[in-house]
Amino acid sequence: MLNDKILNFFKRCNDSYVSGEELSGVFGISRTAIWKHIEKLRAEGYEIIASPHLGYRLISVPDRLSEIELRCELKTQVIGKKIYSYKEISSTNDTANSLAASGEKEGTVIIAEYQSRGRGRLGRKWISPREKGAYLSIILRPDILPREVSLITLCSSLAVAKTIREQIGLAAFIKWPNDILINQKKTCGILTELNGETDKINFVIVGIGININTKRELLPEGATSLSVEKGEEISRLKFVKALLENLDKYYKIFNSGKIECIIKEYKKLSVVLDKPVQINYHNQLISGHVVDVDKEGALILRMDSGFNKRVLAGDVVMLR
Ligand code: BT5
């Protein structure tokens, strides 16, 4: 805790030197104790130089997804106003679910450097290599009906794809309902979980897993990471901050009722629109041509019979 306070003090000093004496006075501990805290921060990857006459100066911060670094100059109104960061967790969605059930506010983010039981849909696994990706969950309390919850996944996948395009310059596309692809390979998956009753939502958890600096060999078949595709290391911290800002931006548009704006943007990045697909829908394989995504986020499939079918969930296989 004191480490965080010292860090915040450095940040407020705008890159200038702070003397050991000043730090010792502010925090009410000896200069030797201050030095020990500085050593701890250095061990965490903070570059802090010391000059005998001037004191300490923070030079650079590590690429860690910690609460203190993520919150620093984060320009959001709702998302990330509170952040819980963990070095290791079972699943960020599980923690988010329990925090939300005990009343945690909308916008709170739970993020971890490693997940021992990262989850996908239908009990599938999400591989979460340590300090390589971003594994986060966001608590939302949208004023919508349970049947409209797919729109939250849609909105979040748009925010992820846009962030990849803006920050990394890679052509990211969305594969309905919850995958973000680069060069047809999966780089991000989204798991949206709903807690509610038939006609009322208590809360929604949006879980996002993104492979950022993950090596190809740590990932399953058909997966990739931003660094593999870009051919260089990526600042996870910068990327995740930009992502939180985009999530905030699209959630605001969503809440203002401009769903059609979001769907319009979404369709431009969809890999399934106008394509022949096969969908595993309630354990039944159906195939057809995707003709639209409707205002509740459902896929409209023109079946071979000529009839349209509305699909709200399922696994899509591209046929061409
Ligand atoms: C998803 O499920 O794609 C949703 C994944 C959501 C993960 C996040 S991480 C933060 C939060 N906390 C959690 O516990 N979960 C969320 P689905 O569409 O069912 O895809 C799962 C499938 O993707 C697996 O069966 C694998 O084939 C593949 N997969 C697993 N790990 C992957 C990875 N790191 N990158 C790409 N593909 C992966």
Side-chain angles (χ1 to χ4, degrees), residues 65 70 79-80 83-100 108-140 149-150 152-154 156-157 159-161 164 170 172-195 203-229 236 239-240 243-244 247 271-272 277 279-281 283 299 311-318:
L65 303 177
L70 288 165
I79 313 290
I83 298 177
Y84 292 88
S85 61
Y86 299 87
K87 288 202 169 124
E88 186 166 335
I89 208 168
S90 150
S91 151
T92 55
N93 263 39
D94 291 349
T95 305
N97 263 297
S98 14
L99 282 168
T108 295
V109 170
I110 295 86
I111 189 159
E113 291 285 15
Y114 172 76
Q115 295 186 117
S116 53
R117 283 173 189 219
R119 297 190 279 113
R121 294 173 303 154
L122 308 166
R124 291 185 284 232
K125 254 192 181 171
W126 184 259
I127 298 171
S128 317
R130 199 180 292 275
E131 291 172 12
K132 297 292 177 207
Y135 320 112
L136 64 148
S137 300
I138 303 135
I139 298 172
L140 297 176
V149 76
S150 306
I152 297 284
T153 312
L154 196 140
S156 312
S157 45
V160 175
I164 296 175
L170 290 168
F173 289 95
I174 307 165
K175 180 167 169 238
W176 186 93
N178 67 326
D179 291 351
I180 308 299
L181 309 184
I182 300 172
N183 292 325
Q184 285 115 54
K185 284 169 278 172
K186 182 162 171 171
T187 192
C188 166
I190 299 176
L191 174 67
T192 307
E193 293 179 310
L194 163 74
N195 178 301
F203 58 83
V204 174
I205 305 298
V206 183
I208 306 177
I210 311 172
N211 307 319
I212 303 182
N213 286 326
T214 327
K215 296 242 166 10
R216 177 65 209 94
E217 52 273 24
L218 294 175
L219 293 170
E221 188 68 30
T224 192
S225 70
L226 300 182
S227 68
V228 167
E229 297 303 317
R236 294 185 306 142
F239 180 83
V240 173
L243 173 63
L244 296 179
L247 285 163
V271 281
V272 300
V277 298
I279 304 183
N280 187 341
Y281 181 63
N283 283 329
L299 212 61
V311 184
L312 260 167
D315 284 317
V316 176
V317 176
M318 313 283 301

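Atoms within each ligand, like the ligands themselves, are counted from 1 in listed order.
Counting heavy atoms closer than 4.0 Å to ligand 1, residue Thr214 contributes nothing at all. Residue-level proximity to ligand 1 for Lys125 is carried by the backbone, the only part with a heavy atom below 4.0 angstrom. The proximity of Leu136 to ligand 1, defined as any non-hydrogen pair under 4.0 Å, is limited to the backbone. Neither the backbone nor the side chain of Asp94 has a heavy atom within less than 4.0 Å of ligand 1.
Looking at atom 37 (N) of ligand 1, its nearest protein heavy atom turns out to be Trp126 CZ3, 3.7 Å. The protein heavy-atom contact nearest to atom 8 (C) of ligand 1 is Gly209 N, 3.6 Å. The protein heavy atom nearest to atom 10 (C) of ligand 1 is Thr92 OG1, 3.2 Å. Scanning all protein heavy atoms for the shortest distance to atom 15 (N) of ligand 1 gives Arg119 O, 2.8 Å. Given atom 25 (O) of ligand 1, the protein heavy atom at minimum distance is Arg124 CD, 3.5 Å. Protein heavy atom closest to atom 35 (N) of ligand 1, with residue, atom name and distance, is Asn211 ND2, 2.9 Å.
Between Lys185 and Asp179 no salt bridge is recorded (no basic side-chain N to carboxylate O distance below 4.0 Å). For Glu88 and Arg130, the salt-bridge test passes: some basic side-chain N is under 4.0 Å from an acidic carboxylate O. Note on Arg117 versus Asp94: no salt bridge recorded, every NZ/NE/NH1/NH2 to OD/OE distance being 4.0 Å or above.
Considering backbone and side-chain atoms alike, Ile127 places an N or O below 3.5 Å from some N or O of ligand 1. For the pair Tyr135 and ligand 1, the shortest N or O to N or O distance does not fall below 3.5 Å. Residue contacts with ligand 1: Asp315 is placed with no nitrogen or oxygen under 3.5 Å of a nitrogen or oxygen of the ligand (distance criterion only).
Checking side-chain atoms of Tyr114 against main-chain N and O of Lys132 turns up no donor-acceptor pair under 3.5 Å. Counting only distance, with no hydrogens or angles, the side chain of Glu113 and the backbone of Leu65 share a donor-acceptor pair below 3.5 Å. Ser227 places no side-chain N or O within donor-acceptor distance of the main-chain N or O of Ser225, the cut-off being under 3.5 Å.
Below 4.0 Å from some heavy atom of Ala223 lie the following atoms of ligand 1, by number and element: 35 (N), 36 (C), 37 (N). The distance from ligand 1 to the heavy atoms of Asn178 drops below 4.0 Å at these ligand atoms: 1 (C), 2 (O), 3 (O), 4 (C), 18 (O).
Note on ligand 1: Leu122 sits outside its first shell, no heavy atom being nearer than 4.0 Å.
The side-chain heavy atoms of Ile110 and Ile138, taken from C-beta on, include no pair separated by under 4.5 Å. With a 4.5 Å cut-off on side-chain heavy atoms, Leu181 and Thr224 do not count as touching. Contact of the Asn211 side chain with the Cys188 side chain is not registered, since no non-hydrogen atoms from C-beta on lie closer than 4.5 Å.
The closest heavy-atom contact to atom 4 (C) of ligand 1, among the options Ile190, Asn93, Ile110, comes from Ile190. Here atom 20 (O) of ligand 1 lies nearest to Lys186 when heavy atoms of Arg121, Lys186, Lys185 are compared.
A donor and an acceptor atom, one from each side chain of Ser137 and Asn93, are located under 3.5 Å apart.
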